[in-house]
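All values below were derived from every heavy atom in this structure, side-chain atoms included, with hydrogens, water molecules and symmetry-related copies excluded. In what follows, every chain begins at residue 1, and chains take the letters A, B, ... in the order their sequences are listed. Model, not experiment: these values are computed from the prediction.
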There are 2 protein chains.
Amino acid sequence: MTTRWLSPDEQRAWRAYIAASLLLEDAIDRQLQQDAGMPHLYYSILSVLSESPERRLRMTDLAERLKITRSRLTYAVTRLEKDGMLRREACRYDKRGSIAALTDEGFAVLERAAPGHVETVRGFLFDRLSEEQVGQLEEISAAIAQGLQEDGTRPAADDVPWRRRSSSSCS
Amino acid sequence: MTTRWLSPDEQRAWRAYIAASLLLEDAIDRQLQQDAGMPHLYYSILSVLSESPERRLRMTDLAERLKITRSRLTYAVTRLEKDGMLRREACRYDKRGSIAALTDEGFAVLERAAPGHVETVRGFLFDRLSEEQVGQLEEISAAIAQGLQEDGTRPAADDVPWRRRSSSSCS
DNA sequence: AGGCCTTGGTTCAAGTTTGAAACAAAACTA
DNA sequence: TAGTTTTGTTTCAAACTTGAACCAAGGCCT
């Protein structure tokens, strides 16, 4: 089959999107690196933990929410643990499991960094978009994410009638 | 001043966006790594070069178009040169300058990889969006990028009445 | 010409990401 | 229950990114 190339509109959208996402991630990484001494992903880890029940989550669940590989998470958590931002705990119900628990210090760091981070996100993103566009951005993002999450390299989709396990809290 | 936190709508949009951009870049990187043996950025370098006059561009111009640091580009170009995808040439008019020139082999690799790449972008992005949304995505991205490009850490903005130099072709 | 600031690129070390492999503990299955 | 497969996590080496430092060379003064 001959390739369906991108239309000029699609080309422009694609390039604009690539540029914007690169620039935005860079700006946010730099801000957080400066003000909190950690890149965006690491901040997000603390943030997700802070909103979880008892401020703790199993590694796999954490990785799933952040859309990153377990291996990447392991590395990040090791660093954050070294820095005292969180602690690893064993899972009582599943001896394989390991739980990342936010420490008080981690929470404090998060609280101190949050205002600056929000300012940045606002300044570079939301202040530049209309309310309408915010809605559009969410819908577009959701559509993209959905397509990419239908279980990664799935087995044809009609092969798995039930939905994936929701979570495995533990603790 | 007390922080203006994100509204629920903004929160959702932000999280959806982060997830989508992570997932999308990952998917594209994986596809290109598989089919062309290089990550997305490296492919983009070849792609930009292929569309430039004489298929060559100065390092700084290349970095500017791709929105990456010169140092990152240096590393990437070194790898691509080692792989024979491009060649570095001296700049005749500016002895500091160095020009990246796509080789025939690089062009060939690009041509072979392009269809698969476009399929992927289409499958994960454009096939999931309405025509309208494509337009919205472009506008949103452009707005974001614009805000982030007003000359990085600029000197107060009212300090530089003229616009930055456009380019420095050479060769 | 002689200084001095800027620009174009690279280098280097430290930090991060990737993907495959290794392990150990569940969960099945025969 | 032993054997096999799956799941949860880490480990390791190779590749990549970051940011600061460095080295020319070009531009501007005076």
**Message:** Regarding C:dT17, can its base be found pairing with the side chain of A:Arg72 as donor and acceptor, where the two atoms are less than 3.5 Å apart?
**Reply:** no

**Message:** If you go through the side-chain atoms of A:Arg70, does one of them form a donor-acceptor pair with the base of D:dT9 closer than 3.5 Å?
**Reply:** no

**Request:** Assign B:Ser98 to base, sugar-phosphate, or nothing according to its heavy-atom contacts below 4.0 angstrom with the strands shown.
**Result:** sugar-phosphate

**Complete:** From CG of A:Leu41 across to P of D:dC16 the rounded distance in Å is 20 Å

**Message:** For B:Arg96 and B:Gln34, find the nucleotide of DNA chain C closest to each by heavy atoms; which residue's nucleotide sits nearer the 5' end?
**Reply:** B:Arg96

**Prompt:** Considering only heavy atoms and no angle criterion, is a donor-acceptor pair shorter than 3.5 Å present between the side chain of B:Thr74 and the base of C:dG9?
**Reply:** no

**Fill in**
When A:Leu73 and B:Lys95 are each assigned the nearest nucleotide of DNA chain D, the 5'-most assignment goes to A:Leu73

**Polar pair under 3.5 Å, donor/acceptor by atom type, side chain B:Thr60, base C:dG8** = no

**Request:** Specify the residue among A:Arg30 and B:Pro39 whose closest nucleotide of DNA chain D lies further upstream toward the 5′ end.
**Result:** B:Pro39

**Request:** Mark yes when over 12 heavy atoms from residues, nucleotides or ligands other than A:Gln146 sit less than 6.0 Å from its CD; otherwise mark no.
**Result:** no

**Prompt:** What orientation do B:Tyr17 and B:Trp14 show, parallel under 30°, tilted 30 to 60°, or perpendicular over 60°?
**Reply:** parallel

**Asked** Whole Å only: how far is the CZ atom of A:Arg58 from the C1' atom of C:dA25?
**Response** 11 Å

